Structure formats: C-alpha cells, structure tokens
Amino acid sequence: MATEFQRRVWEAMRLIPRGRVSTYGAIAKYLGSDAVRAVGTAVGKNPYAPHVPCHRVVRSDGKVGNYSGGEGVPTKIAYLKEEGVEVRNGRIVDFEERLYRFEDQQVTRSAGS
DNA sequence: AGCGTGACGAACT
DNA sequence: TAGTTCGCCACGC
C-alpha cells in the first residue's frame with residue numbers, strides 16, 4: 001500500500017498535461033514541501049505508470065532524469081517524444097516553455113505581461 | 001528506534 | 001562547463 005504522501009505525489013503529476021513536463025521540485029512545492037528527494041522516491045514507486053504520467057516529471061536543470069519502467073530512460077524519452085516533447089542529448093528541448101507550473105489552468109486570465 | 005538509501009537540487013571546486 | 005559534495009525528507013530494514 002501507498003502512503004498518504006505518495007498518493008499526493010501521484011495525484012499532482014496526474015495534473016501535468018500532455019506535451020508538457022514538470023519537475024520533482026515543482027511537485028514538492030505544490031505539495032507544500034521541500035522534500036524533493038522524497039518526491040523522487042515516491043514517483044519511482046508509482047505503480048500506475050504510464051497511466052499516471054510519471055514520465056512527464058524531469059529534473060529542474062532540464063535533464064530528463066531517471067526512469068524505472070520499460071527500458072528505463074530510453075522508454076521515458078520515447079513517451080515524451082510521442083507527446084511532442086523533444087529530447088536532445090538527455091535534456092528537454094525548450095525546457096522552460098514545456099515546463100508546467102501547476103498554475104496555467106488555475107490562472108483565469110491576467111493579460112500575460 | 002536508529003540508520004542507510006534514493007527517478008533530486010543547489011552550491012562548490 | 002562538468003563532476004563532486006552536502007543537504008533534504010520520507011521509507012524500509
């Protein structure tokens with residue numbers, strides 16, 4: 001069975017839209033915690049992959065990070081590519097633009113900048 | 001009940 | 001700029 005913390009992590013990444021990515025740190029913050037290590041551990045134990053899009057969670061520096069399912073990292077990259085997220089040399093192309101900040105759909109409209 | 005581990009992160013060298 | 005070190009919290013043994 002999963003712990004409360006892990007369920008929250010999985011539900012958080014469930015919010016990440018197709019074609020976008022998020023980071024372990026962003027999820028931790030979304031949960032109101034700084035336990036990025038714990039988030040990583042929880043994501044790795046996600047038993048609902050790829051139904052729960054754990055492959056959309058990458059590192060804060062733009063690197064794809066790790067993956068336990070399938071053939072590992074290559075599988076993760078393959079999923080991302082299918083969703084339109086390009087990966088070059090282990091990093092997300094246009095990372096900042098692809099990054100989902102858990103706010104996009106919460107912000108109704110604020111005239112951008 | 002204490003200790004080592006981990007799909008990370010930021011700082012340092 | 002890349003590789004290494006330390007810190008972080010949750011978990012399993």
Side-chain angles (χ1 to χ4, degrees):
Chain A
M1 251 325 262
T3 65
E4 183 81 30
F5 181 77
Q6 295 175 333
R7 279 189 302 174
R8 293 208 294 163
V9 170
W10 301 334
E11 294 203 21
M13 60 184 171
R14 199 155 63 62
L15 303 176
I16 307 171
R18 229 182 116 85
R20 304 289 299 277
V21 298
S22 188
T23 68
Y24 300 92
I27 292 177
K29 187 179 181 184
Y30 175 75
L31 298 180
S33 168
D34 292 308
V36 295
R37 301 296 307 280
V39 170
T41 303
V43 174
K45 290 176 180 171
N46 164 39
Y48 308 107
H51 172 56
V52 173
C54 47
H55 56 275
R56 294 179 193 153
V57 184
V58 300
R59 296 180 52 140
S60 63
D61 59 359
K63 301 290 178 58
V64 292
N66 242 295
Y67 198 70
S68 307
E71 299 174 15
V73 178
T75 298
K76 180 172 185 175
I77 295 176
Y79 276 126
L80 290 173
K81 193 162 187 174
E82 275 186 54
E83 300 184 351
V85 179
E86 196 174 347
V87 177
R88 283 293 186 228
N89 195 24
R91 10 178 282 303
I92 305 297
V93 176
D94 294 327
F95 174 57
E96 308 237 340
E97 296 172 44
R98 294 295 188 179
L99 186 58
Y100 178 65
R101 305 165 198 283
F102 289 99
E103 297 152 33
D104 292 12
Q105 61 184 0
Q106 289 176 36
V107 177
T108 306
R109 265 263 38 76
S110 42
S113 61

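Chain naming here is simple, since letters A, B, ... match the order of the sequence lines and numbering starts at 1 in each. None of the values given here were measured: they were computed from a predicted structure.
Here the P atom of nucleotide C/dC8 and the NZ atom of A/K29 are 19 Å apart, to the nearest Å. When the C1' atom of B/dA7 is taken as reference, atom CD1 of A/I92 falls 13 Å away, rounded to whole Å. Regarding A/R91, its CZ atom lies at a distance of 16 Å from the P atom of B/dG9, rounded to whole Å. Put simply, CG on A/D61 is 12 Å from P on C/dG3, counting in whole angstrom units. Atom CG of A/L31 and atom C1' of B/dC8 are 14 Å apart (whole Å). Distance, A/I27 CD1 to C/dC9 C1': 15 Å, rounded to whole Å. Straight-line distance from the CE atom of A/M1 to the P atom of C/dA10: 18 Å, rounded to whole Å. Across the protein-nucleic acid pair, A/E4 atom CD and C/dC11 atom P stand 10 Å apart, rounded to whole Å.
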Chi angles and distances behind the salt bridge (Lys or Arg N to Asp or Glu O under 4.0 Å) call for A/E4, A/R7: CA-CA 5 Å; A/E4 183 81 30; A/R7 279 189 302 174; 2.5 Å; yes
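Proximity note for A/C54 (side chain, C-beta onward) versus B/dC8, B/dA7, C/dC11: the nearest is B/dA7. Candidate nucleotides C/dA10, B/dA10, B/dC8 were compared by shortest atom distance to the side chain of A/S60, and B/dA10 ranks first. Of the candidates C/dC9, B/dA7, C/dC8, C/dC8 carries the atom nearest the A/R37 side chain, counting heavy atoms from C-beta on. Of the listed nucleotides (B/dG9, C/dC9, B/dG6), C/dC9 has the atom at the smallest distance from the side chain of A/A35. In the set B/dA7, C/dC11, B/dG6, C/dC11 carries the atom at the smallest distance from any side-chain atom of A/K45.
Taking the six-membered ring where the residue is Trp, A/F102 and A/Y30 present parallel rings, their angle staying beneath 30° rather than reaching 60°.
With values rounded to the nearest 0.5 angstrom, A/R56 atom CZ is found 11.0 Å from A/Y100 atom OH.
Side chain A/T41 to base B/dA7: no donor-acceptor pair is found below 3.5 Å.
A salt bridge links A/R88 with A/E86: the distance from a Lys NZ or Arg NE/NH1/NH2 to an Asp or Glu carboxylate oxygen falls below 4.0 Å.
No continuous path of hydrophobic side-chain contacts links A/Y67 to A/V58 [ILVMFWY only; heavy atoms under 4.5 Å].
In this model, the phosphate group of B/dC8 is not approached by any side-chain N or O of A/T23 to a distance below 4.0 Å at OP1 or OP2.
Nearer to the 5' terminus of DNA chain C, by closest-nucleotide assignment, is the contact made by A/V36 (compared with the other of A/F5 and A/V36).
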